[in-house]
Amino acid sequence: MKNTLDDATKKIFIDGYKLKESHLLVDIRLLICTVACSFAAFALLWDYLYPFPTSKPIILTCVIAYYIITGILTIHIMMWEKNIFMRVYEKDDAGLDPDSVWSLSSSMPKYDDMYTLSLEYRCGSGGVTETATITHSVGRWYDKTGDLLQSKFEPDIRKLHDQLKTKKYD
């Protein structure tokens with residue numbers, strides 16, 4: 001359910017507001033994972049070419065490097081991603097100010113029906129950051145057959161968006 005609501009929110013921001021999605025957070029995560037897997041693949045190849053125990057120092061080095069890099073990945077996810085499932089950029093109409101940034105994050109505790117969506121808006125002209133949050137039961141947006149009711153979900157998301165967008169940022 002959480003993923004369906006996240007995807008519906010993405011669709012509203014990309015198709016409804018015509019904003020451009022940034023994949024930087026996912027790209028960084030993929031780069032870190034690629035480096036970690038490269039160490040594992042190198043250790044496998046080295047062990048194949050120079051069987052154990054000759055390959056022991058290289059395998060040990062690669063294992064330690066792998067765990068350090070996965071630790072870096074964990075820190076990246078906890079410190080920078082923070083449940084963000086999408087970041088979009090909004091161009092300044094005049095083209096003079098930097099892009100404004102929308103960060104969308106959500107959470108839904110296990111075995112709970114409460115969905116929380118947080119929108120963070122960083123104004124490009126003033127650099128001011130504002131956040132708005134909505135928490136509701138998923139039953140509010142789903143019918144009895146389990147289908148998402150866009151007609152009930154989209155107005156809530158648009159209201160949250162407009163709440164941040166209409167503020168004055170100097």
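Side chains included, hydrogens not; waters and symmetry mates left out as well; all remaining heavy atoms used. We count residues from 1, following the sequence as given.
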Cut-off 3.5 Å, no hydrogens considered: what does the side-chain donor-acceptor table look like for residues 12-20, sequence neighbours left out?
residue, atom, partner, partner atom, Å
D15, OD2, K11, NZ, 3.1
Y17, OH, R158, NH1, 3.4
Y17, OH, H161, ND1, 3.2
K18, NZ, D15, O, 3.0

| request: Kindly say whether N83 contributes a backbone atom to a donor-acceptor pair with the side chain of S105 at under 3.5 angstrom? | output: no
Closest non-hydrogen atoms of P155 and Q150, given as atom of the first, atom of the second and distance, are CD-O, 3.8 Å
- Message: Are I157 and M108 connected into the same hydrophobic cluster when the rule is that any two of I, L, V, M, F, W, Y join if their side-chain heavy atoms are below 4.5 Å apart?
- Response: yes
Residues joined to I68 in its hydrophobic cluster, side chain to side chain under 4.5 Å directly or through other members, sorted by chain and number, are L24, I28, I32, V35, F39, L60, I64, I69, I72, L73, I77
Tightest non-hydrogen contact, residues E21 and V88, listed as CA-CG1, 3.8 Å
K2 meets the salt bridge (Lys or Arg N to Asp or Glu O under 4.0 Å) criterion, sequence neighbours left out, with D6
Exercise. Between Y142 and L5, is any pair of side-chain heavy atoms under 4.5 Å apart?
Worked result: yes
Residues passing the ring-ring contact (aromatic ring centres under 6.0 Å, His included) test with F153, sequence neighbours excluded, are W141
Those residues at least two apart in sequence (or on a different chain) that pass salt bridge (Lys or Arg N to Asp or Glu O under 4.0 Å) with D156 are R140
CH2 (W46) and CD1 (I59) are apart, to the nearest 0.5 Å, by 11.0 Å
In short, F85 meets K10 closest at the heavy-atom pair O-CE, 3.3 Å
One should read off an interatomic distance between M86 CE and L25 CG, to the nearest 0.5 angstrom, of 12.0 Å
Taken in chain and number order and not counting sequence neighbours, the residues that satisfy side-chain hydrogen bond (donor to acceptor under 3.5 Å, both in side chains) with S38 are none
Rounding to 0.5 Å, atoms OG1 (T129) and CZ (R122) come to a distance of 6.0 Å
Q.
With a 4.5 Å cut-off on side-chain heavy-atom distances among I, L, V, M, F, W and Y, is there a chain of contacts connecting Y48 to L44?
A. no
The ring-ring contact (aromatic ring centres under 6.0 Å, His included) partners of Y89 (sequence neighbours excluded) come to none
Interatomic distance, OG1@T133 vs CG@L117, rounded to 0.5 Å, equals 8.0 Å
Applying salt bridge (Lys or Arg N to Asp or Glu O under 4.0 Å) to D99 and not counting sequence neighbours gives K91
Apart from V26 itself, its cluster of hydrophobic side chains linked below 4.5 Å comprises L30
Correct closest heavy-atom pair for D47 and F52 would be OD1-N, 3.3 Å
Note: K82 and M79 closest approach over all heavy atoms is CE-O, 2.8 Å
| What's the verdict on side-chain contact (heavy atoms from CB on, under 4.5 Å) for I75 and W80, showing C-alpha distance, side-chain angles and the deciding distance? | CA-CA 8 Å; I75 291 169; W80 286 284; 4.1 Å; yes
With sequence neighbours left out, the residues meeting ring-ring contact (aromatic ring centres under 6.0 Å, His included) with Y67 are none
CG (L160) and CD1 (I134) are apart, to the nearest 0.5 Å, by 6.0 Å
Connected via hydrophobic side-chain network under 4.5 Å: I84 and L119 = no
Salt bridge (Lys or Arg N to Asp or Glu O under 4.0 Å) filter on E81, not counting sequence neighbours, yields R29
Between T70 and A36 the two heavy atoms that sit nearest each other are CG2-CB, 4.5 Å
Apart from L31 itself, its cluster of hydrophobic side chains linked below 4.5 Å comprises none
Does a side chain donor of either S103 or R87 reach within less than 3.5 Å of an acceptor in the other side chain?
-> yes
When you look at CZ of F42, are more than 12 heavy atoms from neighbouring residues, nucleotides or ligands closer to it than 6.0 Å?
yes
